[in-house]
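Report on the following structure.
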Amino acid sequence: MSREVKPEIVSLCPLGIPAAPEPELLCIYGTGDLGRSLGLRLLQSGYRVAYGSRRPHSCGPLPQGAQVMSHEAAAQSAGLVFLCIHREHYGFLESLAPQLNGKVLVDVSNNLKKNLYPEANAEYLQRLIPGAHVVKGFNTLSAWALQNGPSDANRQVYLCGNSAEAKQAVEEIATKLGFTVLDRGSLSTARELEDFPLQLFPEWRLPLRVTVGLSAFFFFYVLTGDVIYAKVVNGKDISFRIMVSLANKVFPIVSLIMLTLCYLPGIIAAILQLYRGTKYKRFPDWLDRWMLCRKQLGLIALGLAFLHVLYTLIIPIRYYVRFKIGEAIISRSKENTTRELDTTTAWRTDSYYSMGILGFAVYLLLGITSLPSVSNALSWREFSFVQSKLGYLTLFFCTLHTYLYGWSRFLQPSSYKWFTPPGYMLSLVLPSVVLVLKLLLLLPCVDRSLTRIRQGWERSDPENDSKKSLLT
Ligand code: NAP
């Protein structure tokens, strides 16, 4: 490799103190946005920078202290070249192959779309200059992040390449610039790195689809049972309820179902393991995918629960509510009647609110502990205690909150508009099933078998055993 390690020329200044060795010179091809930001950052970190440009005399202002020259001259001056140019313009590099042979070429390029080209940009570059050591990296940083320095949140640099020495050289530079380096292996993973900046919330896609699907279903379900039913059967227009009342029904319903969806796959997995008598058989792909998006499901559920809290807090200031309360007071004073305090209702509503508050508080705790900065500070046992035990406690509180909301209405025929149960009753089915199944799994005899299976014990296969015994 010709990224020559120059012998450090240590000269002595007149006072006898050794002068600092000359900083390493790095080359950047391209004086565009990324080239300038990278150059500035390299200069700030103590490197010397030489730009290689098509127009060395008219390329506009560059970071102070940088030199600018032709591509050929820049290639000859440094052992490491950052290619801050678009892949579409790589063609001219072929003519520079003699000067670039043996050098480290850092490919920072990205594409506009996935699979735009048959091979990764870095592999294409390696094919153009087979004698160079191509390293893919820095492409997940933006020019803006580079300019902002280490204070920016994006501190990770991904690298891949076939030469360990070349990667080591790039890693040293990245570390000096204040980044954490993640080595992703050989150049064959370059396409993966090039696809990173093009990703659009891949792990949120399924949970968001579930949220939209459930919200749309329950919105029309509640709309039919409340607004359309009132119009058709009673001739009353209560469509104004869509904005707050209906929203405040849909959000908690979807939130409770989504919270349950975080715990249901764990229950299914446990049942599968008990049925199969081993943990060494793979789960179906759909179950794996489901388990992988539990965190996102839970965070969306928490967001919806938060909206439910906000909508509930504005109830006392709603015009409709204030009007109704005023009406009730005036009509009672006109009739000169009073009412006894119904302690059962007081108990029910207090318990209902209390369960809601407790459920939301533990829900928040779950959300906070799922943040990487918090979860990294927890031991595995602490994390699993919060996510599993407190998670089921949240589900229990929220389910009880919904049961208390329904109270005696479960038995009132008037609750069942057009013979269908209200939305909140539907939302109780899944959490109730999950809580009952969890209780069954906690039974000592079941829990013992499950723990043994999870520790590696396998139920023997009677068919194989009989064959074995026949052979012996
Ligand atoms: P840019 O502002 O368009 O700059 C590209 C530079 O390439 C130009 O300034 C020019 O420099 C050189 N160039 C243009 N046409 C050329 C040609 N026909 N032949 C040779 N050189 C040519 O682009 P950029 O935003 O800096 O991006 C550069 C590369 O970094 C791209 O591959 C991009 O995908 C990648 N990247 C950019 C960012 C970002 O935030 N901008 C982030 C990650 C990765 P000279 O005039 O000096 O020759």
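The figures here come from the full heavy-atom set of this structure, side chains too, leaving out hydrogens, waters and symmetry mates. Atoms within each ligand, like the ligands themselves, are counted from 1 in listed order.
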Short side-chain to backbone donor-acceptor contact, R48 and P23, under 3.5 Å: yes
Do R41 and Q147 pass the side chain to side chain donor-acceptor pair (under 3.5 Å) test, and can you show the C-alpha distance, the side-chain angles, and the key distance before you say yes or no? CA-CA 7 Å; R41 187 81 178 258; Q147 264 190 23; over 6 Å; no
Considering only heavy atoms, does I85 approach ligand 1 within less than 4.0 Å through its side chain, its backbone, both, or neither? both
Tell me whether the rings of Y405 and Y352 are parallel (<30°), tilted (30 to 60°) or perpendicular (>60°). tilted
closest protein heavy atom to atom 8 (C) of ligand 1 is G32 N, 4.1 Å
Where is the nearest protein heavy atom to atom 34 (O) of ligand 1: which residue, which atom, and how far? N110 N, 2.9 Å
Would you mind checking which non-hydrogen protein atom is closest to atom 5 (C) of ligand 1, with the distance to 0.1 Å? C84 O, 3.8 Å
Are the side chains of N111 and E194 in contact, using a 4.5 Å heavy-atom criterion? yes
Among all protein non-hydrogen atoms, which one is nearest to atom 39 (C) of ligand 1, and what is the separation to 0.1 Å? A143 N, 3.7 Å
Under 4.0 Å from ligand 1, counting heavy atoms only, is it the side chain of W144, its backbone, both or neither? neither
Identify whether the distance between the nearest side-chain nitrogen and carboxylate oxygen of E119 and R127 falls below 4.0 Å. yes
Flag side-chain contact, heavy atom, 4.5 Å: V81 against V104: no
Distance under 4.0 Å to a non-hydrogen atom of S142: what atoms of ligand 1 satisfy this? 40 (O), 42 (C)
What protein heavy atom sits nearest atom 11 (O) of ligand 1, and how far away is it? T31 N, 3.2 Å
Numbering the atoms of ligand 1 from 1, which are under 4.0 Å from a heavy atom of V108? 30 (O), 35 (C), 36 (N), 44 (C)
From M258 CE over to L264 CG, what is the distance, rounded to the nearest 0.5 angstrom? 13.0 Å
Once you measure the plane-to-plane angle for F306 and F360, does it fall in the parallel (<30°), tilted (30-60°) or perpendicular (>60°) bin? parallel
For the 3.5 Å polar cut-off, considering only N or O atoms, please tell me whether H71 and ligand 1 meet it. no
Parallel, tilted or perpendicular: ring planes of Y221 versus F218, cut at 30 and 60 degrees: perpendicular
K114/D195 ion pair, N-O < 4.0 Å: no
Flag this pair as yes if the NZ/CZ of K176 is under 6.0 angstrom from the six-membered ring centre of Y47 and inside a 45 degree cone about the axis; otherwise no. yes
Look at atom 10 (C) of ligand 1 and say which protein heavy atom is nearest, naming residue and atom and giving the distance to 0.1 Å. R54 NH2, 3.6 Å
Output the list of atoms in ligand 1 that are nearer than 4.0 Å to some heavy atom of R55, sorted by atom number. 46 (O)
Taking 4.0 angstrom as the limit and counting only heavy atoms of G30, give me the atoms of ligand 1 inside it, by number and element. 11 (O)
Taking atom 26 (O) of ligand 1 as the reference point, the nearest protein heavy atom with its distance: L34 N, 2.8 Å
Under 3.5 Å, N or O to N or O, is N139 touching ligand 1 that way? no
Atoms of ligand 1 less than 4.0 Å from S109 heavy atoms? 32 (O), 34 (O), 35 (C)
Identity and separation of the nearest protein heavy atom to atom 31 (C) of ligand 1: H86 ND1, 3.5 Å
Is the closest heavy atom of L141 to ligand 1 under 4.0 Å? yes
